[in-house]
Amino acid sequence: MEIGIGGSSSSCFCLQRKLLLPPLTRIASSTRALRSSTCIRSFSVSYKKFVEFALEETRSHTHLVPSPLQEKFSFMKSKDGKGRLSMLSFEAAKIRLLRSLIIETETMQVLDFTVFPESEYDVPIFCANFFTSAKTNIIVMDLNPLHDIINQYEYKEKYFKSLIPLGLKYAEFFSWGGKLTSESINFFSPIVIWTKFTSSPQKYDMLYSAFRDYYKVWLELISKAVKETDKSKIFQNLEAQHRYLTWRAETDPGQGVLNKLVGDTLAKDMLRSFLFNGVDELGSKTFNDYFPHYCCEEGTLNKKRNVVGKSFENRPWNAKGEFLG
């Protein structure tokens with residue numbers, strides 16, 4: 001659950017690593033748990049309406065079918081009853097996986113909502129990662145480009161040229177959230193919302209408006225997308241999605257919190273089987289294959305990989321969506 005998709009401070013959990021939360025155990029539940037939460041909160045924001053909007057809007061475009069993942073990942077509750085994880089997952093004609101995770105405790109709420117297209121479509125990946133406490137919010141939302149938009153002019157023009165005004169609209173309300181590494185930037189688009197802000201009803205309302213606008217745009221893109229028949233291009237889409245998943249599954253800084261919440265074994269299962277589903281199925285390449293510069297001589301990964309390369313303290317795109325890095 002990183003902020004956007006890089007191994008930067010992109011996780012909605014990244015400021016909460018020190019939370020001493022009780023371990024969680026799995027219990028059976030239906031998808032109605034999304035509406036029936038009774039978790040006690042010290043703040044009023046709820047991300048359930050975001051997911052409910054997305055599902056309703058998606059159903060107006062296509063027929064959603066529950067994913068087989070729903071049988072395994074639906075609901076978890078803390079032993080003391082004060083924290084809960086609610087998960088939903090669906091499939092559709094052009095959608096490989098639509099999945100959401102909402103975490104609610106007495107001290108925080110998290111939304112991790114992502115939609116992956118089928119490999120026959122090169123449509124960007126919709127991603128929203130929100131973390132909220134009583135005072136702090138860490139937000140990333142984007143249409144994560146499936147292919148390189150810094151060097152591939154055609155792909156950028158195809159999907160993002162017309163969306164620049166949308167990005168500029170919300171850039172006025174949500175300031176840049178701070179440093180992101182150059183590797184992370186490769187996974188973001190010029191319209192990314194990466195921000196931090198103090199809790200307020202006005203900010204939540206604006207965030208909800210942005211979520212609706214961004215998701216409607218994504219649904220229009222996937223609805224108009226033409227199925228690719230060229231096997232080589234389908235393979236490129238598949239590998240691009242696998243590269244994305246491999247990066248996120250390895251570098252996600254929310255792993256520490258998940259470990260505390262559900263234990264190391266279940267946390268790893270959630271990351272690889274649910275949150276970043278496909279990392280073990282869509283390809284055989286490893287993290288080292290995709291990102292060899294993070295590998296040390298002895299074959300281990302660089303533990304300081306989140307600071308490898310140049311970092312961007314300010315938005316690295318201008319008003320025309322041109323990369324300034």
Side-chain angles (χ1 to χ4, degrees), residues 1-14 16-17 21 23-27 66-76 84-91 95-103 110-119 125-129 131 140 142 144 146 183-184 186-187 235 237-292 294-295 299-303 305-306:
M1 294 184 302
E2 56 185 30
I3 281 188
I5 52 176
S8 60
S9 39
S10 56
S11 174
C12 294
F13 292 134
C14 58
Q16 294 298 312
R17 291 179 180 232
L21 299 174
L24 299 172
T25 56
R26 189 190 313 269
I27 68 171
S67 164
L69 293 174
Q70 193 64 46
E71 297 180 7
K72 183 177 182 180
F73 300 99
S74 60
F75 186 73
M76 301 178 193
R84 58 185 64 212
L85 290 78
S86 302
M87 290 157 280
L88 293 173
S89 55
F90 297 89
E91 300 172 351
I95 296 174
R96 182 179 70 83
L97 178 64
L98 179 159
R99 57 94 177 135
S100 71
L101 166 66
I102 292 178
I103 297 178
V110 171
L111 170 64
D112 190 328
F113 180 86
T114 304
V115 191
F116 302 94
E118 290 282 10
S119 58
I125 298 168
F126 182 88
C127 183
N129 296 144
F131 163 82
V140 164
D142 196 16
N144 298 144
L146 202 60
E183 195 71 66
S184 302
N186 288 329
F187 291 101
F235 176 78
N237 295 338
L238 189 66
E239 185 171 69
Q241 195 170 138
H242 186 252
R243 181 175 182 270
Y244 168 97
L245 292 165
T246 301
W247 172 262
R248 293 205 60 180
E250 179 63 44
T251 64
D252 184 85
Q255 294 184 43
V257 168
L258 274 181
N259 289 342
K260 293 178 181 179
L261 288 170
V262 300
D264 294 357
T265 300
L266 186 53
K268 182 178 180 180
D269 190 27
M270 285 183 61
L271 283 166
R272 301 189 73 86
S273 299
F274 181 76
L275 292 177
F276 309 126
N277 175 271
V279 68
D280 295 320
E281 295 83 17
L282 299 185
S284 58
K285 287 188 177 181
T286 66
F287 185 90
N288 288 347
D289 293 328
Y290 287 123
F291 312 101
Y294 285 86
C295 184
T300 60
L301 291 180
N302 183 357
K303 296 301 182 181
R305 58 183 178 271
N306 61 320

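As the structure is a computational prediction, the values presented were derived from the model and not from experiment.
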Check your understanding: Do Trp247 and Tyr290 have ring centroids that are under 6.0 Å from one another?
Key -> no
Study note, to complete from the structure: Closest non-hydrogen contact found for Ser89 with Gln70 is N-OE1, 2.7 Å
Review point. Under the side-chain hydrogen bond (donor to acceptor under 3.5 Å, both in side chains) test, which residues partner Lys285, sequence neighbours left out?
Key: Glu239
Check your understanding: Going by the angle between their ring planes, with limits at 30° and 60°, are Phe287 and Phe291 parallel, tilted or perpendicular?
Key -> tilted
Review point. Hey, mind stepping through Leu261 and Met76 against side-chain contact (heavy atoms from CB on, under 4.5 Å) and telling me if it holds?
Key: CA-CA 10 Å; Leu261 288 170; Met76 301 178 193; over 6 Å; no
Check your understanding: Which is it for Tyr294 and Thr251 under the side-chain contact (heavy atoms from CB on, under 4.5 Å) test, yes or no, and what are the steps along the way?
Key -> CA-CA 11 Å; Tyr294 285 86; Thr251 64; over 6 Å; no
Check your understanding: Rounded to the nearest 0.5 Å, what separation is found between the CG atom of Leu275 and the CG atom of Asp269?
Key -> 10.0 Å
Exercise for review: Take Phe113 and Leu98 through the side-chain contact (heavy atoms from CB on, under 4.5 Å) test and state the conclusion after the steps.
Suggested key: CA-CA 8 Å; Phe113 180 86; Leu98 179 159; 3.8 Å; yes
Revision key, fill the gap. Residues Val262 and Ala267: closest non-hydrogen pair is CG2-N, 3.4 Å
**Study point:** Contact summary for Gly278 and Arg96, nearest pair of heavy atoms
**Key:** CA-NH1, 4.1 Å
Check your understanding: Distance from Leu266 atom CG to Leu258 atom CG, nearest 0.5 Å?
Key -> 8.5 Å
Exercise for review: Quick one: do Leu85 and Leu101 satisfy side-chain contact (heavy atoms from CB on, under 4.5 Å)? Show the steps, please.
Suggested key: CA-CA 7 Å; Leu85 290 78; Leu101 166 66; 4.0 Å; yes
**Study point:** Results of side-chain hydrogen bond (donor to acceptor under 3.5 Å, both in side chains) for Asn237 - residues two or more places apart only
**Key:** His147
Point to revise | Value rounded to 0.5 Å, distance of CD1 in Ile102 from CE in Met87 | key: 11.0 Å
Point to revise | Residues forming a side-chain hydrogen bond (donor to acceptor under 3.5 Å, both in side chains) with Asp264, sequence neighbours excluded | key: none
Practice item. Applying side-chain contact (heavy atoms from CB on, under 4.5 Å), name anything that partners Leu238, two or more places apart in sequence or on another chain. Key: Ser119, Leu282
Revision key, fill the gap. The reported gap from CZ in Phe116 to CG in Leu245 (rounded to nearest 0.5 angstrom) is 5.0 Å
Point to revise | Exam field: side chain Thr286 to backbone Asp289, donor-acceptor pair closer than 3.5 Å | key: yes
Review point. Quick one: side-chain contact (heavy atoms from CB on, under 4.5 Å) partners of Glu281, sequence neighbours excluded?
Key: none
Check your understanding: By ring-ring contact (aromatic ring centres under 6.0 Å, His included), which residues pair with Phe235, not counting sequence neighbours?
Key -> none
**Study point:** Ser273 side chain reached by Phe73 side chain, heavy atoms, under 4.5 Å
**Key:** yes
Practice item. Could you tell me which non-hydrogen atom of Cys127 sits nearest to which non-hydrogen atom of Arg248, and how far apart they are? Key: SG-NH1, 3.3 Å
Practice item. Would you please name every residue forming a side-chain hydrogen bond (donor to acceptor under 3.5 Å, both in side chains) with Arg243, sequence neighbours left out? Key: none
Check your understanding: When you measure from the side chain of Gln241 to the backbone N and O of Ile125, does any donor-acceptor pair fall under 3.5 Å?
Key -> no
Revision key, fill the gap. Between His242 and Ser284 the two heavy atoms that sit nearest each other are CE1-N, 4.1 Å
Check your understanding: Is it true that a side-chain atom of Arg84 and a backbone atom of Phe75 form a donor plus acceptor pair closer than 3.5 Å?
Key -> no
Point to revise | Considering all heavy atoms, the nearest Tyr244-Asn144 contact | key: OH-OD1, 3.3 Å
